[in-house]
Amino acid sequence: MADNLERAASLAISDLSIHFGGLKAVDNLSFTVYEKEIFGLIGPNGAGKTTVFNCITQFYKPNAGSVKFLANTGETVELVGRPVHTIIKLGLVRTFQNVEVIKELPLIDNVLIGAHTSFKASVFEQALTLPRARREERRFREKAMNALDILGISDRANMLAGGQPYGVLKRVELARAIVSDPKLIILDEPAAGLNESETETLSHTIKLLRDQIGCTILLVEHDMGLVMGICDRICAISFGKFLACGSPSEIQKNKLVQEAYLGEQQGGDD
Amino acid sequence: MDLTQAAGNPVYRFYKNPNVRFMFFGALLCLVPYLKDIGVFNAGMLITIGGAIIYSVAALGLNLLLGFAGLISLGVAGFVGLGAYATAYFTKDLGLAFWVAALGAIALATLIGLLVGLVSLRVSGLYLAIATLCVSEILLKTFESFDSITGGMTGKRAAYPTILGTTLTREGTYIMLVIVLVLLMMLTRNLVKGSFGRALHAMRGSEVAAQAMGVNLLKYRLLAFALSTAYAALAGALYVTFIRSSYPTTWTITLSLNILAVVVIGGFRSIYGTILGSFVAFIVPDLILKKLPVIGDVPGLAYIFNGVMIIIVIMFYPAGLIKLFSDARGLALRLVSGKARKAVN
Ligand SMILES: Nc1ncnc2c1ncn2[C@@H]1O[C@H](COP(=O)(O)OP(=O)(O)OP(=O)(O)O)[C@@H](O)[C@H]1O
Ligand SMILES: [Mg+2]
């Protein structure tokens, strides 16, 4: 834990609550993700993990609490209350539990959407393909190609996303996240629907994003093998409430966590 | 031919350049008046084909909105009409030059289009269709009632455009229509290939992904509506200067539905498809079906034809008739390469 004190907090969630009608989906939750950390958020189905992500990225407006983020400007900013589309500009990008890609676009253009806020040319400049528009298009296309390369799918760059296997689309989402130059990437079940070897590759990719690109990673995942294998620290929640936070081995030993998972994980991953 | 070699060949690159192709396409359309001169066409046909070109302009705008942004509008006719009346008023009553009048008409319509865009932030799908239809009907009523500006039911007259001091002939005006269409095809292609186009795609394909990637839905919805209205108003300006008159009966829901048919029949998100759709929807009934015995006398023939075409296309060719071309090319290539393989064996 000592080295955490030296690191700056990338994301600090405090007393976060949101309810839908009578259901407290997230209940007074607090945790902190430090810079360059791979941090896991776990919990049984319906625990509120995706809801936490939606509260961070402002798709949902939390009823209470704060979400502080160390933005790419070097300042720590409050995310709550900001319009959804402004979040990515601060250096925070997310993927979705159910892949959200544009079927009618080639993979490369799907990835380019991740660079949307980096384009400075106006609609007018684009319509006339003035030099700046052309330059940007060329530059970011190259960058998107590199991202596809990192994920090992650059050979499919010009194929339409519709009809691509699920594993490829998951990687497209990841590539799309990378081209936004994020400081923090939030992954909602990146391994869902992947086979064993794909999951293996994914864990390498996530480590690579942290070690070589220098991103902080916050991920939700049910694949305990993956979570325990790559996370520096883990926070467990159940019914929207905080259970425990600590290293993978601490979490595995924790009685509350074991109880929450009892019945769900019987005979499952260790 | 070795394709890798061909890709570096300047002639091949020129031939592959989309703008060159648009211009070539335009040059072909410019031949139509000469076909009239040698007796293949008559003057009426020139007007029909010019009309199809004009409606392609409006349909390109609708395709941006519907095909790319996924937003519906059943109010296109109202905005084409607005462009027509405003241009007629600006040229005839205020004595402005055609291009100034057209720009003014576009600006006016775009402003109203932006207001409709604001509505689209609140409602979507069926409700948006109804809302845009209402706007169009309000515009139509305005055309009927504001006699002093629109001429009411007796219609409004306009003249062929005067450009650089010379008044164009009917054929000259037709050539101008083609030039505007080609420029717009280029502009539209540039727009949809860039980050603007991708933002529209994202909005249609996944609103949540669009927002997460920083697409401001407010901004892009308004832009999509503004652009499609500008296209519609430009079509109106072209219409009134080519046809030289405008009557309220032209700008009804029937026209809006026909322009919607153009997009569906031709192909969503296809530029050539839009033009093809417009030629099918506006030329085939007039120049071919009307000449047939018995069928030709059926009232509302164009309407029935477009309706049937929509159903056929949706059922069997959801990508639009433009797909026929790429399918035919694929088939031809397969046949040729099949033959080649046999020859080698
Ligand atoms: N927009 C919403 N309206 C109403 N209830 C919601 C909404 N979003 C989430 N919930 C509820 O909040 C609870 C938490 O859901 P959430 O999707 O966050 O769970 P999760 O931990 O991501 O589950 P899973 O592991 O299955 O993805 C669930 O009971 C869900 O039904
Ligand atoms: Mg979830």
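Letters go in sequence order (proteins before strands), and every chain restarts at 1.
Looking at A/Ser180, neither its backbone nor its side chain comes within 4.5 Å of chain B, counting heavy atoms on both sides. Using a 4.5 Å cut-off between heavy atoms, A/Val123 contacts chain B through both its backbone and its side chain. Residue B/Arg204 touches chain A through its side chain alone, counting heavy-atom pairs closer than 4.5 Å. In this structure, the portions of A/Leu112 lying under 4.5 Å from any heavy atom of chain B include both its backbone and its side chain. For B/Phe68, no part lies near chain A; criterion is any non-hydrogen pair under 4.5 Å. Proximity to chain B (any heavy atom under 4.5 Å) is shown, for A/Ala127, by both the backbone and the side chain. For A/Leu128, the parts lying near chain B are the backbone and the side chain together; criterion is any non-hydrogen pair under 4.5 Å.
Contact count against chain A (heavy-atom pairs under 4.5 Å) is highest for B/His201 among B/His201, B/Met186, B/Arg189, B/Lys193. Contact count versus chain A (heavy atoms, under 4.5 Å) is highest, among B/Ala202, B/Gly205, B/Ala210, for B/Ala202. The choice from A/Thr129, A/Thr117, A/Val84, A/Ile113 that makes the most heavy-atom pairs within less than 4.5 Å of chain B is A/Ile113. For chain B, the option among A/Asp109, A/Ile87, A/Asn110 with the highest count of heavy-atom pairs below 4.5 Å is A/Asp109. Across A/Glu104, A/Glu136, A/Lys89, the residue that shares the most heavy-atom pairs under 4.5 angstrom with chain B is A/Glu104. For the set B/Val192, B/Val215, B/Thr188, the count of heavy-atom pairs under 4.5 angstrom toward chain A peaks at B/Val215.
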Salt bridge (Lys or Arg N to Asp or Glu O under 4.0 Å), that's the test. Do A/Glu173 and A/Arg176 meet it? Break it down for me.
CA-CA 5 Å; A/Glu173 272 212 331; A/Arg176 185 174 70 188; 3.2 Å; yes
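Aromatic ring centres of B/Tyr220 and A/His116: separated by under 6.0 Å. Residues A/Phe39 and A/Phe31 place their aromatic rings such that the two centres sit under 6.0 Å apart.
A salt bridge links A/Arg141 to A/Glu137: one of the charged nitrogens lies within less than 4.0 Å of a carboxylate oxygen.
B/Ser195 and A/Gln126 share a donor-acceptor pair across their side chains, judged by distance under 3.5 Å alone. In summary, the side chains of A/Gln97 and A/Thr50 do present a donor paired with an acceptor at a separation below 3.5 Å, with no hydrogens or angles considered. With hydrogens and angles left out, the side-chain atoms of A/Thr201 and A/Glu198 include no donor and acceptor closer than 3.5 Å. Checked by atom type, the side-chain pair B/Tyr231/B/Asn63 shows no donor-acceptor distance below 3.5 Å.
Geometrically, A/Arg94 does not engage A/Phe53 in a cation-pi contact defined by less than 6.0 Å to the ring centre and at most 45° from the axis.
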